[in-house]
4 protein chains.
Amino acid sequence: MQTAPEPDKRTAILHATLDLIAERGFHGTTMALIVRHAGVSAGTIYHYFESKDAIIHDLYHSIKRQYGTALLGGDPFHLPAPDNLIRVWLNAFHYHISHPHESLFLEQYENSPYLASAPAVHTDEQFATLITLVAPLMQQGVLADMPLDVHYVMTLGVAAALARRQIAGLIALDEPMQRRIAAVCYRAVAQPH
Amino acid sequence: MQTAPEPDKRTAILHATLDLIAERGFHGTTMALIVRHAGVSAGTIYHYFESKDAIIHDLYHSIKRQYGTALLGGDPFHLPAPDNLIRVWLNAFHYHISHPHESLFLEQYENSPYLASAPAVHTDEQFATLITLVAPLMQQGVLADMPLDVHYVMTLGVAAALARRQIAGLIALDEPMQRRIAAVCYRAVAQPH
Amino acid sequence: MQTAPEPDKRTAILHATLDLIAERGFHGTTMALIVRHAGVSAGTIYHYFESKDAIIHDLYHSIKRQYGTALLGGDPFHLPAPDNLIRVWLNAFHYHISHPHESLFLEQYENSPYLASAPAVHTDEQFATLITLVAPLMQQGVLADMPLDVHYVMTLGVAAALARRQIAGLIALDEPMQRRIAAVCYRAVAQPH
Amino acid sequence: MQTAPEPDKRTAILHATLDLIAERGFHGTTMALIVRHAGVSAGTIYHYFESKDAIIHDLYHSIKRQYGTALLGGDPFHLPAPDNLIRVWLNAFHYHISHPHESLFLEQYENSPYLASAPAVHTDEQFATLITLVAPLMQQGVLADMPLDVHYVMTLGVAAALARRQIAGLIALDEPMQRRIAAVCYRAVAQPH
DNA sequence: CATGAATGAGTGTTCATTCAT
DNA sequence: CATGAATGAACACTCATTCAT
């Protein structure tokens, strides 16, 4: 007899932690606060996670995976360049806009000296997939011959930075402006002919 | 009995705090550590500053001012566009590269929800001065008509992000590549004709 | 569906607890550890025992009984004095040497203020039986007229202390040396003539 | 201007810890309890000691030193054998009787698997001094040729064990009986002629 | 001005025990 | 009988801040 799916405590812990960190940062997010927001006891948290850090790492990897998937939404592989790159840019921007907590969390995690491990952007699977999109374009001379980091910073990095400014209410880029900036970013890293 | 004139304690505290935060982050930088590195007593710190946060805010503003000055080095006002913008970009990049601790500090401060105050980039004096450089160019149609934040992110934001990657050893952009990227950034925000 | 008859869970719990306490002490032996080593669930332990302390008390009494039996092995009652006393001394020494976990457990239990109850050595049955061996010898003037505790400490107490040192690898008394020390202990409590 | 010697907090912490451990054991002695009994704050304890373990180790070494000094009281070096050995035995017995908390503390410390370091009795200075008393006697054939641990257990070990029983109220050995047992212990480790 | 001993609320974490399944 | 997820009080320890000297 299948009862209603009981509220998953592990998920509740992750959700509570995400929300709290987005609003208060790693150190402002105490275990006591997670306990209160997740509606579980302190002991229960340690039943599911080894430590506070383990929650954060777990959260990071699941958000990173989700983000990677979102970047490839709308099937950019079937579009010709530069449409595929613009699609990825828009996907990135939209992901951040529609997942503000995840966006703030990622920003903090990747900037934090609190976390010894520097999780090189290059090594994760999402980036690996992106490279299968970008590498051929560089070989074909469509994209300029510059370090990958430069391409990254000037496209997805810009998308993320602008999205965060939009989340913070500093700007309000509408759809056409987003497309325009995406195109500009593409042109910036394209090979001049 | 006159001992050797002590180096300014206030400055010693700020220096120690800067170095510690660059290496350990805000929360890894305890008052006890500042005491040890600055060579002053705990009580003395509270003589010069109201709180730990006050040291950090003070540090932020003095670094921000120093950065603003560095951006305008080489007198960009006397150069024609786009040379003046490229000069500013290179100044920004060089500042970060040659002041890694200040760079890491700024990054942390501006990303940190730990600090309630969102110090709007727009309000500080350095940015105000930059606007006197950029505004006429927008009016003249040299720069594209986009929100100022977009211009900022796509130029100085990119310079900062790349410089930090270089500090971290992820990339090694030489002088010509720096100039090339600076030019690309300029073109990205320039008015297409 | 009848599975293979499980080995007695109660016994598994006691065994696991004994091994763990010998190696880690009372407080290093957590219920979670007992659960893991005994291969039973937490709930099951509380089915067989009222509390962690109850396991320990139970263990103590069963080991004490086993020790008492071991002391009387080789039928010292049928030997003349002082052979019977030497036999008991050797039995004690051998018990500790061949039951190092039980020996360490006893030592901890009897030294521990963690256990409120001071389990007077005098009240247990094993000691009662020994008295039937010792009392007549005192009356006959074979053993010196000293408090029973003195006899105990100078014979079995010494045997236990030396055995524990041997377990710890601090000494290595061979059979003849054991007999020699046993004889010396006997002579120490014997009536001088 | 010299004021009354302020109550030394470091000493207060050590005293409180000693009393608590004697009565409740290592684990029953929580930092909260030490705080309460010593009349200092939690932070203050960590100002003087690195950790709870550090307090305990410190206590152990200072008690061990005190005990060593007490053993040599009454100048046993100027007495002929066996009077010097009997003097040491009586010193040991009296130390334990008159320092019951110290005695209980030592017993627990030296039996505890809680403390990784097995501080071999042999290595400390007190024992070293004792050896200067015992070694010549063994060479002269006054003491039997047995491992040092055997001599130790059969003399000072017996004194300690009996003293603890007396502290616990199990026995009440008067001065003549103490002397008699001391003599018996000496004879037990003496070379038979 | 300067010191550093002292504070105590707050931190992340543990663990014997319970109870719905 | 058996399970193991859940509990929450207790634990050792930290650290920004104060204040008597």
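Protein chains get the first letters and strands the later ones, always in sequence-line order, with residue 1 at the start of each. Computed from a predicted model, the values in this text were never measured in an experiment.
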What's the [atom1]-[atom2] distance between [X] and [N], to the nearest Å?
| X | N | atom1 | atom2 | answer |
| --- | --- | --- | --- | --- |
| C:R36 | E:dC15 | CZ | P | 11 Å |
| A:H27 | E:dG12 | NE2 | P | 9 Å |
| D:M31 | E:dA9 | CE | P | 17 Å |
| A:F49 | E:dT14 | CZ | P | 15 Å |
| D:F26 | F:dA12 | CZ | C1' | 16 Å |
| C:I45 | E:dT18 | CD1 | P | 13 Å |
| C:I55 | E:dT17 | CD1 | P | 9 Å |
| C:L20 | E:dC15 | CG | C1' | 15 Å |

Nearest to the [X] side chain among [options], which nucleotide is it?
| X | options | result |
| --- | --- | --- |
| A:S41 | E:dA2, F:dA6, E:dT18 | F:dA6 |
| D:H47 | E:dA5, E:dA2, E:dA16 | E:dA5 |
| C:T30 | F:dT17, E:dA16, F:dA5 | E:dA16 |
| C:A42 | E:dA6, F:dA5, F:dA9 | F:dA5 |

- Task: Name the residue closer to the 5' end of DNA chain E, choosing between A:T29 and A:G43 according to the nucleotide with the nearest heavy atom.
- Result: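 Counting from the 5' end, the first nearest nucleotide belongs to A:T29.
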
- Is the closest basic N to carboxylate O distance between D:D58 and D:R10 below 4.0 Å?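 Yes.
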
- Item | Salt-bridge contact C:E102-C:K64 (side-chain N to carboxylate O under 4.0 Å) |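 No salt bridge links C:E102 with C:K64.
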
- Message: Using modelled atom types and a 3.5 Å cut-off, is there a donor and acceptor pairing between side-chain atoms of A:T44 and backbone atoms of A:V40?
- Response: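 Side chain of A:T44 to backbone of A:V40, a donor-acceptor pair under 3.5 Å: no, none is there.
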
- Task: Write down the partner of E:dT18 under the Watson-Crick or G-U wobble criteria, each distance required to be under 3.5 Å.
- Result: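 Across all strands, the one nucleotide that pairs with E:dT18 is F:dA5.
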
- Task: Evaluate the side-chain hydrogen bond (donor to acceptor under 3.5 Å, both in side chains) criterion for residues B:Y67 and B:H99: first the C-alpha distance (whole Å), next the side-chain angles of each, then the deciding distance (0.1 Å), finally the verdict.
- Result: CA-CA 10 Å; B:Y67 181 48; B:H99 299 78; over 6 Å; no

- Query: Starting at the 5' end of DNA chain F, which residue's closest nucleotide do you reach first, B:A32 or A:T44?
  - Reply: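 Closer to the 5' end of DNA chain F: A:T44.
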
- Query: For DNA chain F, whose closest nucleotide is more 5', that of B:Y46 or that of A:G39?
  - Reply: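 Final value for this comparison: A:G39.
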
- Give one of base, sugar-phosphate or nothing for C:Y48, where a contact means two heavy atoms less than 4.0 Å apart.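 Sugar-phosphate, no base atom in range.
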
- Flag the pair C:Y109 / C:H57 as yes when their ring centroid distance falls below 6.0 Å, and as no otherwise.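 When the ring centroids of C:Y109 and C:H57 are compared, they turn out to be within the sub-6.0 Å range.
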
- Query: Are B:K52 and F:dC15 close enough that a side-chain N or O sits under 4.0 Å from OP1 or OP2?
  - Reply: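 Indeed not, no polar side-chain atom of B:K52 lies that close.
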
